[in-house]
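Every chain is numbered from 1 and lettered A, B, ... according to where its sequence line falls, protein lines coming before strand lines.
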Amino acid sequence: MSEQNELIKRRLEELEKIRELGINPYPHRFDVTSDSETLISNFNDPESDEEKESRKSETVSVAGRIMAIRKMGKATFCHIKDETGRIQIYIKKDEIGDISYDVFRLLDIGDIIGVTGYLFRTKTGEVSVHAVSYELLTKSIHPLPVVKEETTESGEKIIHDAFADVELRYRQRYIDLIVNENVKDVFIKRTKIIQSIKRTLEKNKFFEVETPTLQSLYGGANAQPFVTHHNALDIDLYLRISNELFLKRLIVGGFNRVYEFVRDFRNEGIDRTHNPEFTQVEWYQAYGDYFDSMNMFEEVVEQACIDSNGTTKVTYGDIELDFKRPWKRLRMSDAILDKTGLNIHEIKKQEIIDYLNTNGIDFDPKISHSKGLLIANLFEETCEEDLIQPVFIYDFPIDTTPLCKPLREYTPEQLKEMDSDPEKVIFAERFEPYVNKWEMGNSYTELNDPVLQRKLLEGQVERGRAGEKETHPLDEDFLKAIEVGMPPTTGVGMGVDRLVMLLTNSHSIRDVIFFPLMRPL
RNA sequence: GGGACCGUAGCUCAGUGGUAGAGCAUCUGCCUUUUAAGCAGAGGGUCGGUGGUUCGAGACCACCCGGUCUCACCA
């Protein structure tokens, strides 16, 4: 028999013994009156023997999971862990009764107990609960990794035999949360960040809405979708890659400011900044432009940083980031000029290709038809690596997106002329915030010219036929909505997981998602 | 998808071709203020899987499974 089964078998036997003694190992409730953090932080040492004696009648009830047991014959110490921390429990045989004490000795690390008793400080100085009674609340039959915590004389904590196998931690997050102290803190911060973003948006009159996850057409981003099937309708459906096109329909419908936190699904590679399902918040604001979105974006992130960390500054790895507003704003063309000396407005398409080639920069030959896509590629390969502190990169070639308005400075004649000249690049009012070299989001002055919108989306279909995998299929219903008329609008998509990574100093996106996708065993 | 590395007891790990190891956990005994409690003893393994090389494989080779890091694609 394997060790694992043997450990479980022994615990099942103990479970039976407990039942035979008339004790329900899975009772229905327990009155909890306090928690470890409150008890320890509010404890004052009694000033006299009388006070010490009277304290014994001031009982509290706490509940938690047994994390460590130290049996000493007729007395036993254990630590229980509740939602706020750990507290030591002291149980004496002659006080609690022989049977009760014997049952206690059947308990294991991992069991959940409720303890009623009074507070005292041990000889070695730890505030503890002196048990008057206790109750088994849940018997655990699956052994937990035993992690030992040593406190050195200088007060430093050393963790021994940490449950550190990354794979097991992700696959069995419930165990990770129990035995690894800081894991829960990351997820508490995650929730605080999300709550903060919602507060900031609500404060600015944005209205929370919900749109479909299952979509018969996907769009709003460049990505490959997951395909699924609806049986009753007998049609294939896609898990959304973005909610952009639905939020715009709501702007058309008369909601002026909407936002939605969504899980997006993208059928692409997995690495430390990419999980196949990830969280994004998108917001759309009628009558605003991309500068309004920059203002909102930096307000949202600065506030989220303050609400989760107390300041606008945060340390990520060995760098310090400061999210204090206002953030730097840099045109893509200026970023390229600063970095490479290339003035993309002046030079020919071929000169960009030559530059890429002579500098050993790989690019997909499929994009060589488009000066705009070459520029975007040039930017990503040369400038991104320097974008550590928060910065808005703005004015992207229009070829990079079919959903964004051209710059306001162009006259209709200029646009027409540029469109027919492959050496001219139309720039669009798009920006991406960068932090720590990562794209943190995406924003446009949204395109609302239905004729141009149709033309650009049909262009996507063309490019899809030519072999690009991440282009949009044509969404006629969306085009109809734009034809009905969308007011001038700006919208933002923001990657929540990456923001949480930065604000919690997490190395991998899997550290900020409770249950990241793992290959089934 | 490419490359590098990893997989040995429940957990953390050692084991450079010759009888599978340590600490913690578990079990037995002792121990009424311990705290990585302690002391004495015991049990626990198809060494990720399948083939191969060899007198002999945990180790060497091939393939497979799972993972980590990294590059590519993307947010």
How far, in whole Å, is [M] from [N] if one measures between their [atom1] atoms?
N	M	atom1	result
B:A20	B:G48	P	15 Å
B:A9	B:G23	C1'	12 Å
B:C61	B:G18	P	16 Å
B:C30	B:A14	C1'	32 Å
B:G2	B:C60	C1'	26 Å
B:G15	B:U54	P	28 Å
B:C24	B:U35	P	15 Å
B:C47	B:A37	C1'	33 Å

Measure from [atom1] on [X] to [atom2] on [N] and round the result to the nearest Å.
X	N	atom1	atom2	answer
A:I361	B:C71	CD1	P	16 Å
A:D161	B:G10	CG	P	14 Å
A:M72	B:C30	CE	P	15 Å
A:I159	B:A25	CD1	P	16 Å
A:I141	B:U26	CD1	P	16 Å
A:E384	B:C73	CD	C1'	13 Å
A:L499	B:A75	CG	P	17 Å
A:L168	B:C13	CG	C1'	14 Å

Item to complete: Determine whether the side chains of A:T84 and A:D35 contain a donor N or O and an acceptor N or O closer than 3.5 Å.
Response: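 Per modelled atom types, A:T84 and A:D35 side chains form a pair under 3.5 Å.
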
Worksheet item: Is it the case that more than 12 heavy atoms not belonging to A:K93 sit under 6.0 Å from its NZ atom?
Response: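 Yes, because the 6.0 Å sphere around NZ of A:K93 holds more than 12 heavy atoms from other groups.
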
Worksheet entry | Residues, nucleotides or ligands: over 12 heavy atoms within 6.0 Å of A:E385 CD |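 Yes, the 6.0 Å shell around CD holds more than 12 heavy atoms from other groups.
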
When all nucleic acid strands are considered with a 4.0 Å heavy-atom cut-off, which category describes [X]: base, sugar-phosphate, or nothing?
X	result
A:A164	sugar-phosphate
A:D94	base
A:R266	base

Can you find a pair of side-chain heavy atoms, one from [X] and one from [Y], that are under 4.5 Å apart?
X	Y	value
A:Y90	A:Q88	no
A:M440	A:L502	yes
A:L245	A:L403	yes

Worksheet item: Salt bridge check: are A:D108 and A:K139 linked by an N-O gap of less than 4.0 Å?
Response: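 A:K139 and A:D108: salt-bridged.
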
Discussion item. Regarding A:D176 and A:R173, does a basic nitrogen lie under 4.0 Å from an acidic carboxylate oxygen?
Written reply: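 Yes, charged N to carboxylate O under 4.0 Å.
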
Worksheet item: Taking for each residue the nucleotide of RNA chain B with the nearest heavy atom, is it A:F278 or A:E150 whose nucleotide lies nearer the 5' end?
Response: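 First, find each residue's nearest nucleotide; the 5'-ward one identifies A:E150.
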
Item to complete: Assign each of A:T279 and A:T151 to its nearest nucleotide of RNA chain B by heavy atoms, then name whichever residue's nucleotide is nearer the 5' end.
Response: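 Final value for this comparison: A:T151.
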
So, [X] side chain and [Y] main chain: donor-acceptor pair closer than 3.5 Å or not?
X	Y	value
A:Y101	A:A75	yes
A:R190	A:V512	yes
A:D165	A:L168	yes

Worksheet entry | Side-chain N or O of A:R70 closer than 4.0 Å to phosphate OP1/OP2 of B:A37 |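 Yes, such a contact exists.
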
Practice prompt. Please determine if a side-chain N or O atom of A:K148 lies less than 4.0 Å away from the OP1 or OP2 oxygen of B:A37.
Written response: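 Looking at the OP1 and OP2 atoms of B:A37, one of them is under 4.0 Å from a side-chain N or O of A:K148.
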
Taking only nitrogen or oxygen atoms into account, show me every contact under 3.5 Å that the protein makes with nucleotides 3-6 of chain B, one pair per line with its distance.
none

Worksheet item: Would you say the base of B:U34 and the side-chain of A:T122 have a donor-acceptor pair closer than 3.5 Å?
Response: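 Donor-acceptor pair under 3.5 Å: yes.
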
Discussion item. I'd like to know if A:Q88 reaches the base of B:U34 with its side chain such that a donor and an acceptor end up less than 3.5 angstrom apart.
Written reply: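 Answer is yes: a donor-acceptor pair is held.
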
Just the table, please: protein N/O against nucleotides 67-69 of chain B N/O, every pair under 3.5 Å.
| from | atom 1 | to | atom 2 | distance (Å) |
| --- | --- | --- | --- | --- |
| B:G67 | OP1 | A:R171 | NH2 | 3.4 |
| B:G67 | OP1 | A:R519 | N | 3.0 |
| B:G67 | OP2 | A:R519 | NE | 3.1 |
| B:G67 | O4' | A:E167 | OE1 | 3.2 |
| B:U68 | OP1 | A:R510 | NH1 | 2.2 |
| B:U68 | OP2 | A:R510 | NH1 | 3.3 |

Practice prompt. Would you verify whether the NZ or CZ of A:R263 falls within 45 degrees of the ring axis of A:F226 while also being under 6.0 Å from that six-membered ring's centre?
Written response: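 Judged by the rule, A:R263 and A:F226 form no cation-pi pair.
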
Discussion item. Give me the stems containing RNA chain B, sorted by first residue, counting only three or more consecutive Watson-Crick or G-U pairs with both distances under 3.5 Å; say none if there aren't any.
Written reply: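 Expected stems, ordered by start: B:1-7 with B:65-71, B:10-13 with B:21-24, B:26-30 with B:38-42, B:48-52 with B:60-64.
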
Worksheet item: Where does the angle between the aromatic ring planes of A:F323 and A:W327 fall among parallel (under 30°), tilted (30 to 60°) and perpendicular (over 60°)?
Response: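 If you compare the ring of A:F323 with that of A:W327, the planes turn out tilted.
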
Practice prompt. If the plane angle is over 60° it's perpendicular, under 30° parallel, otherwise tilted; pick one for A:Y290 and A:F431.
Written response: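 Geometry flag for A:F431 against A:Y290: tilted rings.
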
